[in-house]
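Just so you know, these numbers come straight off a predicted model, no measurement behind them.
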Amino acid sequence: MSPPESHPDSELPATRVSDLARVRAAAPDYLEGLNPEQREAVETTDGPVLVLAGAGTGKTRVLTTRLAHILATGKARPWELLAVTFTNKAAREMRERITAIIGPQAEGLRWLGTFHSVAAQILRKHAELVGLKSNYTILDQDDQERLIKQVLEAENVDAKRWPPKMLAGLIDHWKNRGWTPDKLPPAESAHFANNRGQALYRLYQERLRVLNACDFGDLLLHNLTIFTGHPDVLADYHERFRYLLVDEYQDTNVAQYLWLRLLAQKRQNVCCVGDDDQSIYGWRGAEVDNILRFERDFPGAKVIRLERNYRSTSHILAAASGLIAANKSRLGKTLWTEAEGGEKVIVRGVWDGEAESRLIADEIERAKKGGADKNPRKYRDMAILVRASFQMRAFEERFVMLQIPYTVVGGPRFFERAEIRDAHAYLRLIQSEDDDLAFERIVNVPKRGIGETTVQKLLQVARLNGVPAVAAARQVVLTDELAARTRTALANFLRDLDRWRAEAGRMPHPRLMEAVLEESGYTDALRLDKSPTAQGRLENLKELVQAMGNSENLQAYLEHVSLVMDMDRGPQADAVQIMTLHSAKGLEFPLVFLPGWEEGVFPSQRSMDESGEKGLEEERRLAYVGITRAREEARVSFAANRQVYGRWTSQLPSRFVDELPLANVEASSETGYYGGGPGMQQHGSRWDESPSFGAGYSSPGWKRAQASNYKGSHPGRQQVIEGEGRLVAVSESSAASAYKRGDRVFHIKFGYGHVRGVEGNKLTVDFDKAGEKKVIDSFVEKQA
DNA sequence: CTGTTTTAGTTTTTT
DNA sequence: ACTAAAACAG
């Protein structure tokens, strides 16, 4: 096989080129830089695989490389891969990263998406098998609750005793567990309205079917019904999906688990990636058990642990590992890193929530400036991670005052705002006259004189005649059942509706939206609205019109909105990130602040009350997630006093503070006891049992903060603490009696003032801020 | 039907 | 303490 008259220096013959390509495919460059475990996770393509990917171990890289690998080696074509995530963001990111590896071929990955979007696609194909049409609408939580409310009203269930929200929650729970009304365990029915749970659930499903609608839970549940009831359909999907991949497996609920098991049944080529230590969604149906029993469910499964952490320094990693070790139900991993050293986790106790925000803001300013041995940080490299959103306000207030730029991540989402949902209701009604829920929502928004009684009457007529509400309205308008004024209003509304529907086909949908908002009087009503939120709402609507341009047509737009309740944000400004621990999952920051580590706040009291030991373990995982977000520095803090729902409460440091290994922590407190007995940290936490401050914290390794204002060694409500700051507890009479009329005082919340009178344990104070006279039973600061 | 007063709820969040 | 929704009165 000698190539004819080919010179050694000439171009390689074609055969050689393809050989090279083959060699390249055998050891492709996308595998470069993977550690042995990661590589194993990528290359073990056949058979069940569970990848236990600890925090910061390169999970996403493994996931995307694995998919790219399957495609590059020709084991499957893009449309033969099923890859599911929980969020649109994760799906988007995965698609982008695969595209970066394998190029435009990634566009063929039509089964890469969230559980719900994939399930919705499948349901569109087989909708008739569960009594729906393929153009069914997907109701969000709000619609769902209103529908349930109607069912309860129709069934004369006392809404006071049995709130619709509760049934909505139960139904959601049932659907998460894969229970249709028929399969509902009898005991469950008892949780609502004297054993009527099941019947009401059934009625709700019936209403959904009539409306040709389903809720989010149904997407999965209907899939299950279809797969189990129609083996031929399931076999079809067995044929189609050669490889299955699941992200965040620890967050799957029972329905998702069953769905997956059905689809994986035949080929068993399923790869689940997750971390049992980061399971933080138990309260919405996630079953950690799914990941814990993977090996039992898929016999012969290969379990691969990714334990090398590329994110955090060793102190941070060790602190997090020490904390999570207190959890009993876990598979167990030992994370390690080559980034030895770094700063210890700093833990600090402060006087109150305000001191905490002052401390953190100071530190942010210092980090921003940089120092002798520290490089300046960008604002965006710092994050404050809180347990609950009410904790955010203190920081926002402080940041506004100091002009530190910040962004709050999460919060009420764009598409869930009332004005956006109103606008959508108009569109939905224009598109489909059968959409009763949309009709109810906007028939009197803006106010056009069609009140509750009229709407009820229309709905009654609709139910009687078995027609949609709009059709009922058309009938009623022709009669004299309504007052003249109401009739005219309704007639005008119907006339507008018809006109918009006629125009819908002729104009681009963003233009239609504008017209509807103007002509309905919606924007006018907002312009007249003097409340401070009205301006923002108008702007949201403008933004909405903008965003609509991204979809091809009205239909596509509404479809998109119902599944992707999320909008692409523009490039992030340089700002400190404030968010909940939940929304921080998957992110990382060089410097992380973890405020509010107090018993009852974090771990959340409610979580412990409702779910006991299980709840506590989930809280601990949340703490673990928090610490492992930090690359270089983590700062935990707790306050001795905190305002919760407007009330001042004494706080105890969180047990999680004690569970941090001493060797990796540097702790100090500005409050409370110092010099308690030795060994407290080693022998479990020592909570300050005294009914007084609760600010107390003591253990070896703790040092008194230099900036301390207090000299008294045992502060308590019974005594005045002498010190430069003169902080005084006045809940007890002896403390209040330390004051006399005319004393100058400072209160944490109300500011400066002077004492008007002392009576028992109460001080009456005239505050400088005009008109504020308050009776104080919490802490005030006496001015020297 | 609309404007005012009373009351309940207030962890975490996605689809 | 604050807010949003429900109940009530005009």
task: Mind calculating the distance between CZ (A:Arg92) and P (B:dT14) to the nearest angstrom?
output: 12 Å

- line: From CD1 of A:Ile138 across to P of B:dT14 the rounded distance in Å is 17 Å

field: For A:His582, ring pair (Phe, Tyr, Trp, His ring centres under 6.0 Å) partners two or more places apart
entry: A:Tyr281, A:Trp283

Provide a list of protein-nucleic acid N or O atom pairs under 3.5 angstrom, restricted to nucleotides 1-8 of chain B.
unit_1, atom_1, unit_2, atom_2, d
B:dC1, OP1, A:Gly451, N, 2.6
B:dC1, OP1, A:Thr454, OG1, 2.5
B:dC1, OP2, A:Thr453, OG1, 2.1

query: Side chains of A:Leu220 and A:Lys175: does their closest heavy-atom pair fall under 4.5 Å?
result: no

task: Determine whether A:Ile578 and A:Phe593 make a side-chain contact, defined as any pair of heavy atoms from C-beta on separated by less than 4.5 Å.
output: no

field: Selected nucleotide, minimal atom distance to A:Arg284 side chain, candidates B:dT15, B:dT13, C:dC2
entry: B:dT13

- request: From the options B:dT15, C:dA6, B:dT12, select the nucleotide whose nearest atom is closest to the side chain of A:Thr114.
  value: B:dT15

- prompt: Pairs counted as Watson-Crick or G-U wobble with both distances under 3.5 Å: what dot-bracket string results for DNA chain B, using | for bases tied to another strand?
  reply: ||||||||||.....

For [Y], is there any backbone N or O sitting under 3.5 Å from a side-chain donor or acceptor partner on [X]?
| X | Y | answer |
| --- | --- | --- |
| A:Thr225 | A:Leu221 | yes |
| A:Ser654 | A:Phe602 | yes |
| A:Glu145 | A:Pro164 | no |
| A:Asn156 | A:Leu152 | no |

statement: 5'-most contact on DNA chain B (nearest-nucleotide basis), A:His116 vs A:Pro163, goes to A:Pro163

Closest non-hydrogen atom pair, A:Met392 against A:Val409: CE-O, 4.5 Å

query: Can you name the closest pair of heavy atoms from A:Arg95 and A:Leu112 and give their distance?
result: NH2-O, 3.2 Å

task: Using the aromatic ring of A:Trp283 (for Trp, its six-membered ring), decide whether it stacks on the base of B:dT12 within the limits of 5.5 Å and 30°.
output: yes

For a quick check of understanding: with a heavy-atom distance under 4.0 Å over all strands, which category does [X] fall into, base, sugar-phosphate or nothing?
| X | value |
| --- | --- |
| A:Ser604 | base |
| A:Gln605 | nothing |
| A:Glu248 | nothing |

